[in-house]
Amino acid sequence: MKDLKCIALDVSKDSSHIQAFSSDLLKLSKVEVIDHTLEGFNEVIRLYELLDHPMVVFEATGVYHRGLQKFLIDSEIPYVMINPLVSAKIRKQSLRSIKTDKKDCRTIAKAYFTADLKDTLVEPLVESLHNQMRQLNRYYVDSMVHLVKAKVSFNAQLDCVFPGLKKVFPDLYSDAAVVLITRYKHPDIIKGKKSDDIAKYLKKNTRHGEAYCKRKAIAVLEYSKRTCSGCKKDDIDCDILVDLMGTVSFFNAKCKNILSQLVELSRETDIFEPILSIPGIGENLAARIVAEIGDITRFKGPKQLIAYAGTDPHVYQSGIRDGLHLSISKKGNKNLRTVLYLAVSCHLRTKTKNTTVITEFYEKKKQQGKPHRVAQVASLNKLIKVIYSVSINKTIFE
């Protein structure tokens, strides 16, 4: 049975509203605003001791609750985090859906007293392995966003300074292309060079052989003679191009380093190898899946894991509406959903080499007339069931 009293906090960026309630939602204290400092958090301890150790309750946020959470852990004060969707649902039940910081404390308290245990969460220590992995994966996703933006800007600038260079270097981010663009930042500069000098520089600053460097030097020299750049060699566009090239290289190296750390941490878990054994899932994908799933034992079955990923079907039946053939709920972990979508896409690409229960399930859905995307999402849920099975049983996929 839940405590008869609770201390509800509406957590904001730098401060929180705090108020204590009984189980029948009677106010046991006035609503106050506390700063996210040691002095402000000490008010939680004061109320906690004054009201004879009630439960501390607050909503899960992105990062704003982390300071409060660590303080409660260090102070050995029990707490519960409420799913924000639950408290939002309770607030919308009123005919007048009023949301203010003062009233949110009462809504959070009501959510705690009326919600099921599955809607509440008590996280382990902030320094836990799963939390470190999850934060690393989120950092990787954020770095990838910056990398994509940098590549878009770089390609646009490259089309101005070096139009058509992709015909010479299909991979514009290869070491040879990076060295060439950084050294000779305009085609007119390359025109005045000898192919042997360019080849020597490429060989010295890359890991390519002499034959490759000579071949690329001749190709880039011919390219520089026939291309028509959109700027002069002393224009600022050339400096911007070199700077963007450095930005791309920086974020590319950072993403590789983050993935390397993530894989090393994932190896310490006992579900990494079972997930890695599934065809189409390499070390990087396996590590990211492990990071977002966390402790898989907290899920009672695969259906809970599917709901956590937000790939469960949205059901809405009313009148002539059958409630079927609707889209997925998307109410779960979007990062896990994204990486699982990549995993099932890679797995289905291997169907010519490996016939598995997942590829057979995909073909079955296609034979039933389902579109590719529908069959793919259905196969994604099948993959989640396989991941749950091999992880719980600690077995290798066969």
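Atom CZ of R138 has more than 12 heavy atoms from other residues, nucleotides or ligands within 6.0 Å.
Partners of D188 under the salt bridge (charged side-chain N to carboxylate O under 4.0 Å, His left out) rule, at least two apart in sequence or in another chain, are K191. Remark: F250 pairs with no residue by the ring pair (Phe, Tyr, Trp, His ring centres under 6.0 Å) rule, at least two apart or across chains.
With hydrogens and angles left out, the side-chain atoms of Q376 and S345 include a donor and acceptor closer than 3.5 Å. Side chains of T359 and H347: no donor on one and acceptor on the other come within 3.5 Å. Donor-acceptor pairing under 3.5 Å is recorded for the side chains of R134 and N131.
Using cut-offs of 30° and 60° on the angle between ring planes, the pair F154 and Y173 is tilted. Ring planes of F41 and F71: tilted class, angle from 30 to 60°.
Of the possible polar contacts, none joining the T107 side chain to the S87 backbone as a donor-acceptor pair under 3.5 Å is found. Listed for the S260 side chain is no donor-acceptor partner under 3.5 Å among the backbone atoms of K256. In this structure, the side chain of S266 engages the main chain of L262 through a donor-acceptor pair within 3.5 Å.
Ring centers of F299 and Y308: under 6.0 Å apart, within the cut-off.
Screening residues 193-208 for side-chain hydrogen bond (donor to acceptor under 3.5 Å, both in side chains) gives D175-H208 as the qualifying pairs, with residues at least two apart or on separate chains.
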Residues R46, E43; criterion salt bridge (Lys or Arg N to Asp or Glu O under 4.0 Å); working and verdict: CA-CA 5 Å; R46 187 190 70 80; E43 179 63 20; 2.5 Å; yes
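Annotation: the span from D243 atom CG to T247 atom OG1 amounts to 4.5 Å, rounded to 0.5 Å.
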